[in-house]
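Right, one structure below, let's go through it.
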There are 2 protein chains.
Amino acid sequence: MDRLSEVFSALADPTRRAILARLAEGEATVNQIAEPFPISLQAVSKHLKVLERAGLITRGIQAQWRPCRLDAAPLRGVAEWVTEYQRFWEERYDELGTYLTKIQKEN
Amino acid sequence: MDRLSEVFSALADPTRRAILARLAEGEATVNQIAEPFPISLQAVSKHLKVLERAGLITRGIQAQWRPCRLDAAPLRGVAEWVTEYQRFWEERYDELGTYLTKIQKEN
DNA sequence: TAGTTAATCAACCCATAGGTTGAATATGCC
DNA sequence: GGCATATTCAACCTATGGGTTGATTAACTA
């Protein structure tokens with residue numbers, strides 16, 4: 001699978017996005033990450049593996065802990081991709097703006 | 001499934017992203033969209049349904065044709081989400097910048 | 001009315017995703 | 001060495017995704 005697909009796919013799960021949000025506040029171990037979720041530790045471990053494969057997190061080794069860190073680098077690619085379409089959602093506002101200016105002049 | 005997940009999920013397929021790129025150049029019918037792809041028309045039809053459910057395209061009715069139009073609105077949500085993490089990939093550059101400035105002063 | 005074209009529906013196949021439970025592997029602590 | 005803790009591995013289950021082929025629906029055309 002290509003990188004962008006892998007990243008989008010990793011982001012398509014709310015649990016994984018929540019994990020990223022958690023890691024945005026700082027490094028955390030698997031148990032710490034898993035704590036707020038109503039799923040098993042193993043399930044969280046799997047999510048972490050998906051995030052790791054997508055390059056969104058990196059993992060260290062400290063004794064029996066595997067501290068996870070956010071790596072936002074792949075999100076740059078997402079930002080670049082989405083920027084290509086920016087004009088399409090702004091256009092709408094431009095059109096609205098044009099329309100409002102037009103009726104303003106007319107009345 | 002929440003909207004953001006649905007959108008990310010829809011974007012996680014290269015064929016679907018290619019369809020969006022095609023529609024960025026203008027409206028097209030299902031057959032026109034399907035033409036460049038090495039998969040069946042039905043498969044493309046399914047992809048279009050996924051994109052439609054995610055709100056990324058809208059479809060009209062003109063005789064037996066179903067012209068598809070890009071609707072980039074949901075991508076705003078993606079842009080907003082990813083922007084939250086922007087500082088994390090920029091930080092890295094800041095750190096690099098700081099580092100470069102530092103060694104420059106040192107030598 | 002019959003035939004062609006556009007698109008969808010339906011049934012099916014296989015691989016993968018997300019979850020489970022239970023066992024295994026390290027590592028630190030007495 | 002023996003035990004607790006942190007994490008992963010393995011096997012399994014079920015649902016879904018992306019693809020196929022064949023049949024169906026709807027609209028134009030001769």
Side-chain angles (χ1 to χ4, degrees), chain A residues 1-23 26-71 74, chain B residues 1-23 26-71 74:
Chain A
M1 186 157 56
D2 63 297
R3 225 338 140 69
L4 198 50
S5 297
E6 203 151 44
V7 174
F8 274 128
S9 182
L11 298 177
D13 184 288
T15 302
R16 285 195 291 264
R17 290 198 306 278
I19 291 174
L20 293 182
R22 165 68 186 79
L23 292 178
E27 189 165 295
T29 68
V30 180
N31 268 294
Q32 289 172 336
I33 292 165
E35 195 270 322
F37 298 104
I39 59 177
S40 71
L41 190 67
Q42 291 94 322
V44 172
S45 188
K46 281 192 186 179
H47 282 304
L48 292 173
K49 196 176 289 178
V50 172
L51 290 170
E52 191 177 26
R53 292 212 71 229
L56 288 162
I57 66 169
T58 57
R59 306 210 237 183
I61 298 186
Q62 273 176 26
Q64 68 267 55
W65 294 276
R66 299 287 124 77
C68 300
R69 283 190 359 261
L70 174 66
D71 184 353
Chain B
M1 185 157 57
D2 62 297
R3 227 335 143 69
L4 198 50
S5 297
E6 203 151 46
V7 174
F8 274 129
S9 182
L11 298 178
D13 184 286
T15 302
R16 286 195 289 266
R17 291 199 305 279
I19 290 173
L20 293 181
R22 165 68 187 78
L23 292 177
E27 189 166 293
T29 67
V30 179
N31 269 291
Q32 290 171 334
I33 292 166
E35 195 270 321
F37 298 104
I39 58 176
S40 72
L41 188 68
Q42 290 94 320
V44 172
S45 188
K46 280 193 185 178
H47 282 304
L48 292 173
K49 195 176 289 178
V50 172
L51 290 170
E52 191 177 27
R53 293 213 70 229
L56 288 162
I57 66 170
T58 56
R59 305 209 238 185
I61 298 185
Q62 274 177 25
Q64 68 268 56
W65 293 276
R66 300 286 123 76
C68 300
R69 283 189 0 260
L70 174 65
D71 185 353

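In what follows, every heavy atom counts, from backbone to side chain, and hydrogens, waters and symmetry copies are set aside. Nothing here was measured: the structure is a model prediction, and the numbers come from that model. So you know, we letter chains A, B, ... as the sequences are listed, proteins then strands, and number each from 1.
- D/dT8 atom C1' lies 11 Å from atom CG of A/Leu48, rounded to whole Å.
- When distances run from any side-chain atom of A/Ser40 to the nucleotides C/dT8, C/dT20, D/dT21, the shortest one goes to C/dT20.
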Which atom pairs link the protein and nucleotides 24-30 of chain C when you take only N or O atoms and keep those under 3.5 Å?
residue	atom	partner	partner atom	Å
C/dT27	O2	A/Gln64	NE2	3.4

Mind listing the N/O atom pairs, protein and nucleotides 9-13 of chain C, below 3.5 Å?
residue	atom	partner	partner atom	Å
C/dC9	OP2	B/Lys49	NZ	2.9

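- Separating the CZ atom in A/Arg22 from the CZ atom in A/Phe37 is a distance of 9.5 Å, to the nearest 0.5 Å.
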Kindly indicate, with the supporting measurements, whether the criterion side-chain contact (heavy atoms from CB on, under 4.5 Å) is fulfilled by A/Ile39 and A/His47. CA-CA 11 Å; A/Ile39 59 177; A/His47 282 304; 4.0 Å; yes
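- We find the CD1-CG distance between A/Ile19 and A/Leu51 to be 5.5 Å, quoted to the nearest 0.5 Å.
- Side-chain contact between A/Leu20 and A/Ile57: present, with at least one pair of heavy atoms (C-beta onward) separated by less than 4.5 Å.
- Residue B/Ser9 is classed as having no contact, given no heavy-atom separation below 4.0 Å to the nucleic acid.
- With rounding to whole Å, B/Glu52 atom CD is found 12 Å from C/dT8 atom C1'.
- Between A/His47 and C/dG19 there is a side-chain N or O to OP1 or OP2 distance below 4.0 Å.
- Proximity of a side-chain donor or acceptor of B/Arg66 to a complementary backbone N or O of B/Arg59 within less than 3.5 Å is not detected.
- Within the 4.5 Å cutoff, the side chain of A/Leu11 has heavy atoms near those of the A/Leu56 side chain.
- For B/Arg3, the CZ atom is densely surrounded, since the number of other residues' heavy atoms within 6.0 Å is greater than 12.
- No salt bridge links A/Lys49 with A/Glu52; every basic N to acidic carboxylate O contact stays at or beyond 4.0 Å.
- In this structure, B/Phe8 atom CZ and D/dT16 atom P are separated by 22 Å, rounded to whole Å.
- The side-chain heavy atoms of A/Arg17 and B/Ser5, taken from C-beta on, include a pair separated by under 4.5 Å.
- For A/Asn31, the listed nucleotide lying nearest its side chain is D/dA6; candidates were C/dG18, D/dG18, D/dA6.
- Protein atom CG of B/Leu41 is 14 Å distant from nucleotide atom C1' of D/dG22, rounded to whole Å.
- Dashed line: the shortest gap from a side-chain N or O of A/Arg59 to OP1 or OP2 of D/dA6 is not under 4.0 Å.
- In this structure, A/Ile19 places its CD1 atom 12 Å from C1' of C/dG18, rounding to the nearest Å.
- Side-chain proximity of B/Ser45 to D/dT7, C/dT8, D/dG18: nearest is C/dT8.
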